[in-house]
Amino acid sequence: MNRFLTILTVPVVLLACGGRDGTQRTVIQNKGSDTLVNVAQAWAEAYGAIDPSLAVAVSGGGSGTGISSMINGTVDIANSSRAMRPEEIEAARAQGQDPIEFIVGYDALAIFLHHDNPLSELRVAQLASIYGERGELTRWAQLGVTVPGCESGEIILVSRQNNSGTYAYFQEAVLGEDEFKLGTRDMHGSKDVVDLVENTPCAIGYSGLAYANEHVNMPCVQFEDGPCVTPSVETAIDRTYPIARPLFMYTSGQPVGGIRTYMDWILSNEGQCIIFDMGYAPVRNLTCA
Amino acid sequence: MQTDLDARGFDWYMDRAVAVGVFVGGISAIVFIIGIFLFVTREGLSFVIGPMDLKEFFGSIAWRPTSIRNPTYGILALMAGTASVTGLAMLVAVPFSLGAAIYIAEFATGRTREALKVLVELLAAIPSVVWGFIGLSIMNPLIIDLFDVPIGLTVLNAGVILGLMAAPIMTTIAEDALKAVPDSYREAAEAMGATRWQVVFQVVLPAAKNGLMAAILLGVGRGFGETMAVLMASGHSINIPTSPFDSVRALTATIAAELGDTAVGSDHYGVLFTLGIFLFLVTFVINLTADLVVRGVREQ
């Protein structure tokens, strides 16, 4: 029996002090936005080299996942590509959490089209008419283009699952008061959207600019009488791209200890250069190597 | 010399312990099923007695649980999605599995028979996410090429995948049902000069029809409950399908895609558990019917 207990205790003790020299290792749970997950992962890896005593466990799942984990108190830092709603903050307070918001970068929401789609300009109002329930645009011909490989001429709408921050931001910024059309293909990740658009001539989709690749087209987007702006990190930084959004991290209460130093590092020049390298806009102008 | 049969020695305690252990094992299924039902009901009840509107729930296609201004919870399109995918899956699976069962039970002999039985059971062991992957990366471009449709993540894709997934279990059960038909029936028919075809179609199949029915119903239950493969292959799109080339969204896939992201206790959380109650009741009825049908065969 004694031996059995020893066998049982050894891994537990090992788990409790995972550090190489036996010091306590802090693990920060970081979860949420699919848009931010690659950046969060890059931050966690880079920071691991700076302070090995701090481990950051990153997982995605969507902004809704991050926010509900924050409300349920199961994460230290929640990532979100939309701001928490007042009722969500209230729900978190009711559970004893006090969400504190940090803007950690900006992202241009790119519109993706199949490589063969000749459309190069889109107005926000047209987007609203394509995606919105009250909108009447359902065929490519109505936009004045014929898409090779898309015989039916139908616009295939690719969207995100309804708790994604990207979905919520798109609704707020593009559709306004309107709801999404029913019948959109709701993908479970930014990358899935790009993949589907890449293989589907009739499709249109939206996702963070960082998920763009050379196999899809990105039209410039025009808001009312403004110029038609191509999505890029630069146009997200100077706010000329009409559908760029802030990216958030939430901590429960003012962060202290390891979480504080981690958040400070993310907002430092070093952390901001990492988000810039990943294809997002940093929170302020800076020069990165 | 006489042993004391009433002595409470080690053997007596061992005997009791094993008896209790077996009893607990025996009733555990009941305990679990009641426990699960109570849990799902408890979580879903806040929605059922609160914001649920029966007419909207079953009559509307508008599933917008996260809308800020006006959340609506209509599951009509989700039910249509599940029903269409399961229906098509049965169109695929019934001929396949009954054919396979008839061949294995009535025609194949020796090594062929054993090899087929093992392979069919192996087919049942393929994880559903692998099936979903096949749907996403093989069937999707194939359907686009073959039928010249804009997108391959459709009822057809999910239905074929689900049919192939349900076929092995249906084959196994159908084969058992055919094997349960006494050989005396076959011998009698052959003695009357019936051909093999006539024996199978006019004697064995009618005699095994309850068991075959049960096999089909269990396949339907399997189709109803399958999640991952349907989520990946169906397109996950709220839509009442009018052709096999429409994308749909299934009840199970909706729960899988959304439950992880909802705050515990919210209306959205409650409605997903309500979907769970609904699914549970439907599969319960299907399985119960299958069971009663099989029982019918034994009482004959």
Side-chain angles (χ1 to χ4, degrees), chain A residues 31-32 59 61-74 85-88 91-92 94-95 114 133 147 149-165 167-168 171-172 176-188 192 195-196 199-203, chain B residues 60-74 76-78 81 132 136-137 140-145 147-154 228 231-232 234-242 245-249 253-254 256-269 272:
Chain A
K31 193 173 190 176
S59 56
S63 302
T65 310
I67 288 170
S68 63
S69 308
M70 170 63 38
I71 294 170
N72 300 336
T74 55
R85 299 183 185 121
E87 65 268 23
E88 286 168 341
Q95 302 264 3
H114 189 265
E133 197 178 31
V147 184
C150 174
E151 274 77 22
S152 65
E154 181 194 354
I155 302 178
I156 300 261
L157 301 173
V158 183
S159 182
R160 288 290 309 280
Q161 86 271 17
N162 56 26
N163 40 37
S164 135
Y167 171 98
Q171 176 163 25
E172 183 193 310
E177 297 281 300
D178 204 2
E179 301 283 350
F180 275 94
K181 279 196 176 94
L182 293 167
T184 54
R185 270 73 176 179
D186 302 340
M187 298 291 112
H188 217 78
D192 296 352
D195 285 350
L196 186 61
N199 295 314
T200 313
C202 298
Chain B
S60 160
I61 67 162
W63 173 260
R64 292 196 173 103
T66 57
S67 171
I68 309 165
R69 280 167 288 274
N70 180 28
T72 52
Y73 308 96
L76 186 63
L78 309 182
L136 204 57
S137 56
N140 180 29
L142 197 70
I143 290 176
I144 294 178
D145 278 355
F147 300 100
D148 206 18
V149 285
I151 193 164
L153 300 175
T154 54
M228 201 60 214
L231 173 62
M232 292 167 81
S234 67
H236 208 53
S237 161
I238 298 170
N239 197 11
I240 303 263
T242 50
F245 300 109
D246 283 342
S247 293
V248 291
R249 189 201 273 221
T254 303
E258 296 178 10
L259 188 59
D261 308 356
T262 55
V264 176
S266 63
D267 282 350
H268 189 189
Y269 181 82
L272 291 176

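Computed from heavy atoms alone, side chains included, the values below leave out hydrogens, waters and symmetry copies.
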Any idea which heavy atoms bring [X] and [Y] closest together, and the distance?
| X | Y | answer |
| --- | --- | --- |
| B/Arg69 | A/Asp178 | NH2-O, 4.1 Å |
| B/Pro150 | A/Ile156 | CB-CD1, 3.8 Å |
| B/Gly235 | A/Arg185 | O-CG, 3.4 Å |

Q: Select one option (side chain, backbone, both, neither) describing which atoms of B/Ile240 are under 4.5 Å from chain A's heavy atoms.
A: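 Contact with chain A involves no heavy atom of B/Ile240 at all.
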Q: Please look at B/Ala77 and chain A and tell me whether the side chain, the backbone, both or neither of the residue comes under 4.5 angstrom of a heavy atom of that chain.
A: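 Interface part for B/Ala77: neither.
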Which residue out of [options] racks up the most heavy-atom pairs below 4.5 Å with chain B?
| options | value |
| --- | --- |
| A/Glu179, A/His188, A/Glu151, A/Gln161 | A/Glu179 |
| A/Leu196, A/Leu157, A/Asn72 | A/Asn72 |
| A/Glu87, A/Glu88, A/Glu154, A/Glu177 | A/Glu177 |

Q: Verify, without hydrogens or angle tests, whether B/Thr66 (side chain) and A/Asn163 (backbone) share a donor-acceptor contact under 3.5 angstrom.
A: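 A pair under 3.5 Å: no.
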Q | Partner chain A: residue of B/Arg64, B/Glu258, B/His236 with the largest heavy-atom pair count (under 4.5 Å) | A |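 Winner by heavy-atom pair count: B/Arg64.
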Q) Among B/Asp148, B/Asn239, B/Ile144, who wins on heavy-atom pairs under 4.5 Å with chain A? A)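 That would be B/Asp148.
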Q: Give, as side chain, backbone, both or neither, the part of A/Cys150 having an atom under 4.5 angstrom from any heavy atom of chain B.
A: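 Neither part, no heavy atoms under 4.5 Å.
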Q) Heavy-atom distance under 4.5 Å between the side chains of B/Pro65 and A/Asn162, does that happen here? A)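 Heavy-atom side-chain distance check passes, below 4.5 Å.
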